[in-house]
Structures are given as structure tokens and as C-alpha cells.
Amino acid sequence: MSETTDLREQVAITLPDGSERSFPAGVTGLEIASSIGRKLAQDALGIKVDGRLQDLATPITADASVAIVTFDSPEGRELFWHSSSHLMAQAIEELFPGAKFGAGPAVEQGFYYDVSYPERFNEEDLRAIEARMLEIAGRDEAIVREEMPRLQAIGYFRESRKDPYKVEILEETLKEVETVSVYRQGGFADLCTGPHLPNTGKVKAVLLTNISSSYWRGDSNRESMQRIYGVTFPSDKLLKEHVARLEEARKRDHRKLGAELGLFMLTPEVGSGLPIWLPKGAIVRNELETFLKGEQRKRGYVPVYTPHIGNIELYKRSGHYPYYSDSQFPPLTYKDETGREEQYLLKPMNCPHHHLIYSSGLRSYRDLPIRLTEFGTVYRHEQSGELNGLVRARGFTQDDSHIYCRPDQLVDEICNAIDLTRFVFNTLGFDEVETRLSLHDPANQAKYGGTAEVWEQAEKDVQEAADRMGIRYFIGIGEASFYGPKIDFIVRDAIGRKWQLGTVQVDYVMPERFDLSYIGSDGQKHRPVVIHRAPFGSMERFIGVLIEHTAGNFPLWLAPVQVAVLPIAEDVHDYAREVHAKLHAAGIRAEIDLRSEKIGKKIREAELSKVPVMLVIGRNEQEAGEVSVRRHRKGDEGRTGVDAVIAKLCEEIAQRA
């Protein structure tokens, strides 16, 4: 900065630690980072100005709170990976002239770009693209933001870039916008709001992971494209750590373990995304349902059952149709005996059915809250490319509950729902849980049901409950459902991945649409408020995540086979059968291995099957009326009396240790 600039107006910059520094107006994020330290300046990727993520080169012309963003932060990784999608597009354009580009966002573990190209990309192409990305990174090309009028941008992308996809976005999606931004690096340019890295040289390591099919704008009636996924890092060390995590994730893949452990199956004979639970998987699912049903019973929930199909008018009334029409199976149409045509849908949501149950009788203020609960199966026609075993299926069962309460009961009921969700996660070993308050986007009010006043009240209630429960949360603007704000619970699994599971949602809209009411103490009709609540979210998704979190090593209470009885030789088979019978009588799920195999092989196979407890029986154990206890992954725990072992296991199972 020149002396002339230094003498001009100063701006006060407040840093994350609360300290305040003075800089000349127009100071950039890089200059602020440099004033703090050389290492921070090297690591800086962007800045947050009053909470808004911006380019590192953005001039700051007024007093502001500023944070330097590095790769260590979620915002830094998102910025890094979104810039890397542009880097990949530039490499593809240089290697494969004529390629056109759709959308290229950052995702949880990297980025992707949808590419239109007449030939199918292969593994060899991916390696070539990786090499070219590193070459471009080595050029250290500046990434520069340029603002231009929308009409000028249309001409630029039509005539110079010859990019029909960006022209469509400009003409349709951004038709109300006067000025747009374009980011340039070398000979490549892309329509983008940013922000981006200051230069390509920040990228030091690249891995392109896979290719899948996609459609332009997610519409199966539009052009088919190729979606290339990748991940980048600012060092080779970080890439190696990432590859190690990927290898661990492959070992934990719930589809692989589900087949190996005999938990569930997927077959085209039934249909894509429609899992079948095998006996051992059914045990896991049933134990989880029993666990939650017991807790719900203690907390005043009452069970209901609703059909798998409903009249389409019901879902039109609720707003789920056509709101979810893109992800619903087509309506079933038939004519009744009078010739009148009727349409039915596979149930996309349980909520409308529960609202009808509530409205089936006259309700008094003394009756509330009413807590209806159901393990209800619903159906969504997800895109085939998005299906992923249990965690993204077309048929899945929600642990759905709807709480109908008075407004003065609302915050207490939200708190109770939060408490139950926390209890579920703690019991299942999910110790790292993030909480997002998913609020609506006031700039897009037409997307949501209800008035702005209703939304203001609902969001106030949600935040009050979260504060009362001492939850550390972050805000997600635009993440709300169309009928109300949510508290979303995002768990981190054993290898650091994040999964959105349980949810608690407040709904002032459906009571209006279904004309729900109760008679108040004044003898007049009043509207209840509805809370939608699902600690598991979906049984399929939750179990899929749980399999990967535990690597299939379920706790004793949840394991399909809890105990393996392993006799060493045939002469102790009768005693082994007695032990097995006692375990069975005590309600412990046990199997006995009477094969003529060496005990070492029996133990190895029980370990591979991830059976939590093995009871080894030889002549010494038989003579003493004991068993030798082994624990999965822990080894020998010594000899113990049969009754003592059973008592200890029963206590551990009862406590869900």
C-alpha cells in the first residue's frame, strides 16, 4: 500500500479473537493475513467479511469483522474444492476440445463437474486430466473475478465460449439479475458467483475418483451428461491421509458388510433401491425398533398404523404433491364401478395420514399433547445414479412421530424430542453430533407454505428450545422444509464422515391445511401446532450408517448372533448343547458350532462373523461346569461358571452397554 493510501480513510477490522486493528480503506484479505503472520498469508484461501465468504483479494472499504479462511475450516475446504472443479474443467477443455460444462459444485468430500462430451471418459482419461490439473496448478495462474451485465454475459457465453448451458442459466435462472460474475484463469472462464482461490498454485495434490451419469439440471428428460468426481489438497500428505480414509471406508462399506454378514440384499428382481431384510438384518432392525418403541412408550407416545398407499388428493392437500412430484412414483390410475377415475400414490410421507387420525375426533385442550408414532414405510423414486444401498433407497421406513400440542406446550415438546434424539445417539455410540437449525430463506418466501409471521414465530420457538437444551448449533438458511423450520442432527462416524440422521421439525402450516383444531378452555376452537420428529430418520439409512460406523461390530445387545458356543471335540458336544440351551432359555441369541473342525478355525470364523462373545468348551470346562470366555477383537477372558456368564451377559444386554 502506498503512503497516499495510508493517509486516506482508515477502517476498523475486528478479528476472530475480538482484537481490533486499523487499516487503510480498500485493504484486502491477503494484506490483513500478511500483517498477522507469513504462515497465515501462505495458507489463506479467502476471507469472511461480517460472516460472508469472499475472495481473498476483495477490498474492504468499511469497518467489518474479518476472519481469514484456510483449508482447515469447512468454508476453506468448500472454497478450495469449488475452485478445483473449475481447475478440472479447464484441464478437460484443454485436453478434450468441444467439451461443455453444466454444474460444478463442491460436495462433502471434494467436488464434481457435469460434462457434456460425445465420447465416454475412462480411467486413462481421468489420469490424463489429473496430470493436466497439476500442470495448470504449476503455472500458478491468477484466478480473477469479473463483473459484467447479464446481457453481455449471454453474448460472451454464446459467441466466445460457445457454452449453451451457461446461456440457459443466464436466460432462465438469472433472468431477473442485472449483473453477473465470471471467473477467469488462463484461457478458461466460467459463470460463477464465487468466491475462489486467488490462484491455481494453491492446489498441490489431485485425485479424480469416479465417473457417473447425470442429467442436465437433474431432469431425466434433458441431455445426459458425465459427472466426474474428484478431490484436491494443498499438500501430498493430506491426499495420502485421505486415500487411507477411503480405503478404510471401503472396508466399512455397508453394502459389502451387509452381504458378508447376511444382513440384507438388493436384487433387480425386486427392483432398484428396494432392500430385503435377511433374518440377521431383521434382528438388528427389530432390536432398534423395540428399543425406540420402549422409550417412546415411557414418554407418552401412542402407536398407529397407516396404509402404504393413499388417494392423490390427500397429498395435494398436504402440499407433498406436487412439491415432491419429481421424486415420487407415478400415480396409479384406475376407474371404479361407476366409471369415475381415481388416482393413488405410493405413500411419500406419513404426515397426512397422521393428521387425519388427529382430526377423526373432537379434541380438548386437556387432551394435548397427543403424540402419534409409527414405523411407516414410504416410497420415493430416487434417480438410479443416486441410489446407495440402504443409505439412499426408494423404499424406506421412517420412525415417524407427530406431536399435536398447544402453542404454550410447544417449546417443552421440542425439548423433549431433542432429549429423546440425544438419548438414541448416545446409546448407539454416536458421540460427535452437530446440530443445524434449518431456517427458511426470506428472500424466497414463495417456496414455503404459511405467512412470514408464522415462520418468524416457528423459528423463534425452535431457537428457544435449542438454547434451553444447551445445544451448540449452526444456522442453515434455506434448509427448512416447505412447512416449517427444523433441527437437524448430523453425526460424525468413526472415520470422520458426516451423516444427517435425526430431525425435529415445527409445523404451523399443516394444521391450517387440514383444519386441525382443539377446544380451548374458553370453549372456542384453536389451532394446534405440529412437531414432526424422527430420531433415526429412516431405519434403512440409520442402519447403513451404523454398519459403517461400527464396521459391522455391533454391541452385544444389537448383534444378530450374540454368543457362539464352540466345543473343542465331539466328546463335549452334549455339554455344549446344555450350555446353548441355557443361553437360549435366558433370551440370548446363540449359535452352536458342532462341526468337526479345529477350534482355531471355529474361533477365526466366529471372529470374521463379528460375534461379540465366544464360549469355548473342552473337557476341563465340562468337568468344572464352566466355559472359557473370548470376546471379539479382545481375546481370552478366562474360565467362568455358566450361570455367572449368562447373568453377566443378560445384565450387559439389558443395559444396552
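Quantities reported herein were computed from a predicted structural model and do not represent experimental measurements.
- The pair E548-R252 does not meet the salt-bridge criterion, since no charged nitrogen lies less than 4.0 angstrom from a carboxylate oxygen.
- A donor-acceptor pair is defined here as one N or O able to donate and one able to accept, closer than 3.5 Å; such a pair exists between the side chain of R77 and the backbone of D72.
- In this structure, G502 and F425 approach most closely via the heavy-atom pair N-CZ, 3.7 Å.
- Other residues, nucleotides and ligands contribute over 12 non-hydrogen atoms within 6.0 Å of the CD atom of E247.
- Of all non-hydrogen atoms in F264 and R255, the two that sit nearest each other are CZ-CA, 4.0 Å.
- The pair E434-K498 meets the salt-bridge criterion, since a charged nitrogen lies less than 4.0 angstrom from a carboxylate oxygen.
- Between T435 and I490 there is no side-chain heavy-atom pair separated by less than 4.5 Å.
- Between V627 and R639 there is no side-chain heavy-atom pair separated by less than 4.5 Å.
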Before you tell me yes or no, could you show the steps for E651 and K648 under salt bridge (charged side-chain N to carboxylate O under 4.0 Å, His left out), namely the whole-Å CA-CA distance, both residues' side-chain angles and the distance that decides it to 0.1 Å? CA-CA 5 Å; E651 181 182 4; K648 182 179 179 182; over 6 Å; no
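- Rounded to the nearest 0.5 Å, atoms CG (L257) and NZ (K610) are 6.0 Å apart.
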Does the pair Y229 and L208 meet the rule for a side-chain contact (heavy atoms from CB on, under 4.5 Å), with working shown? CA-CA 6 Å; Y229 289 88; L208 301 187; over 6 Å; no
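- Taking the six-membered ring for Trp and the full ring otherwise, F396 and F542 have centroids separated by 6.0 Å or more.
- Residues D114 and S214 share a closest heavy-atom pair of OD1-OG, 3.2 Å.
- Of the possible polar contacts, none joining the H354 side chain to the I403 backbone as a donor-acceptor pair under 3.5 Å is found.
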May I have the step-by-step check of side-chain hydrogen bond (donor to acceptor under 3.5 Å, both in side chains) for Y473 and D467, ending in yes or no? CA-CA 9 Å; Y473 56 80; D467 290 338; 2.8 Å; yes
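- Note: L274 CG to L387 CG = 8.5 Å, rounded to the nearest 0.5 Å.
- Counting all heavy atoms, side chain and backbone alike, S84 lies closest to M133 at O-CE, 3.8 Å.
- Side chain of T267 to main chain of E269: a donor-acceptor pair is present (N/O by atom type, distance under 3.5 Å, no hydrogens or angles).
- A salt bridge links E295 to K298: one of the charged nitrogens lies within less than 4.0 Å of a carboxylate oxygen.
- H532 and D507 share a side-chain donor-acceptor pair at under 3.5 Å.
- Contact annotation: the side chain of I228 never approaches that of Y113 to less than 4.5 Å [non-hydrogen atoms, C-beta and beyond].
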Evaluate the criterion side-chain contact (heavy atoms from CB on, under 4.5 Å) for residue pair V424 and L292; output intermediate values, then yes/no. CA-CA 8 Å; V424 167; L292 185 55; 4.0 Å; yes
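- Aromatic ring pairs are classed by plane angle as parallel below 30°, tilted from 30° to 60° and perpendicular above 60°; the pair Y404 and H402 is tilted.
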Steps toward side-chain hydrogen bond (donor to acceptor under 3.5 Å, both in side chains) verdict (T306, E374): CA-CA 8 Å; T306 61; E374 174 183 17; 2.9 Å; yes
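- Salt-bridge check for E382 with R394: failed, with every basic side-chain N at 4.0 Å or more from each acidic carboxylate O.
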What's the verdict on side-chain hydrogen bond (donor to acceptor under 3.5 Å, both in side chains) for N210 and R227, showing C-alpha distance, side-chain angles and the deciding distance? CA-CA 8 Å; N210 65 293; R227 178 168 293 179; over 6 Å; no
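- Remark: side-chain polar atoms of E621 are paired, donor with acceptor, to backbone N or O of G618 under 3.5 angstrom.
- Remark: E540 engages R285 in a salt bridge, criterion side-chain N to carboxylate O under 4.0 Å.
- Side-chain N or O atoms of N122 include one that pairs as donor or acceptor with a backbone N or O of D125 at under 3.5 Å.
- Counting only distance, with no hydrogens or angles, the side chain of R436 and the backbone of Q500 share no donor-acceptor pair below 3.5 Å.
- With Y301 as the aromatic partner, R533 meets the cation-pi criteria of under 6.0 angstrom to the ring centre and within 45 degrees of the ring axis.
- Counting only heavy atoms from C-beta outward, the side chains of F423 and I418 never approach each other to under 4.5 Å.
- With rounding to the nearest 0.5 angstrom, the OG1 atom of T290 is 10.5 Å from the CG atom of L558.
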Going through the checks in order, is the salt bridge (charged side-chain N to carboxylate O under 4.0 Å, His left out) test met by R589 and E287? CA-CA 12 Å; R589 296 186 292 274; E287 286 295 324; 3.0 Å; yes
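- Within the 3.5 Å criterion, the main-chain N or O of T232 finds a donor-acceptor partner in the side chain of W81.
- A heavy-atom distance below 4.5 Å is not found between the side chains of E432 and V491.
- Contact check for D493 versus W499: side-chain heavy atoms found under the 4.5 Å cut-off.
- In this structure, E130 and L207 have side chains that are in contact, with non-hydrogen atoms separated by less than 4.5 Å.
- When all heavy atoms of L134 and K204 are compared, the pair lying nearest together is CD2-O, 3.6 Å.
- For R656, the CZ atom counts as densely surrounded, since its 6.0 Å shell holds more than 12 non-hydrogen atoms of other residues, nucleotides or ligands.
- Here H573 contributes atom NE2 and I568 contributes atom CD1; the two are 10.5 Å apart, rounded to the nearest 0.5 Å.
- Using a 4.0 Å cut-off between charged side-chain N and carboxylate O, R299 and D419 make a salt bridge.
- Without hydrogens or angle criteria, K602 side chain to D593 main chain gives a donor-acceptor distance under 3.5 Å.
- At least one donor-acceptor pair under 3.5 Å links the side chain of D399 to the backbone N or O of G537.
- In the displayed structure, R472 atom CZ is contacted under 6.0 Å by at most 12 heavy atoms of other residues, nucleotides or ligands.
- Atom CG of residue D236 and atom CD of residue E241 lie 11.5 Å apart, to the nearest 0.5 angstrom.
- Taking the six-membered ring where the residue is Trp, H549 and F430 present parallel rings, their angle staying beneath 30° rather than reaching 60°.
- The shortest non-hydrogen separation linking P567 to V572 is CB-CG2, 3.8 Å.
- Under the 3.5 Å distance criterion, the side-chain polar atoms of H580 are matched with a main-chain donor or acceptor of A590.
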For R619 and E623, what are the C-alpha separation, side-chain angles and deciding distance, and is it a salt bridge (charged side-chain N to carboxylate O under 4.0 Å, His left out)? CA-CA 6 Å; R619 289 177 186 173; E623 290 170 3; over 6 Å; no
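- Rounded to the nearest 0.5 angstrom, L615 CG and T640 OG1 are separated by 9.0 Å.
- Using cut-offs of 30° and 60° for the angle between ring planes, the H308 and Y379 rings count as tilted.
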Is there a side-chain hydrogen bond (donor to acceptor under 3.5 Å, both in side chains) between H381 and Q328? Walk through the geometry before answering. CA-CA 5 Å; H381 195 273; Q328 289 172 357; over 6 Å; no
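- Two residues are said to be in side-chain contact when any heavy atoms from C-beta on lie closer than 4.5 Å; R630 and V616 meet this criterion.
- Between E108 and R497 there is no salt bridge, since no side-chain N of the basic residue sits under 4.0 Å from a carboxylate O of the acidic one.
- Under a 4.0 Å N-O distance rule, the pair K582/D643 qualifies as a salt bridge.
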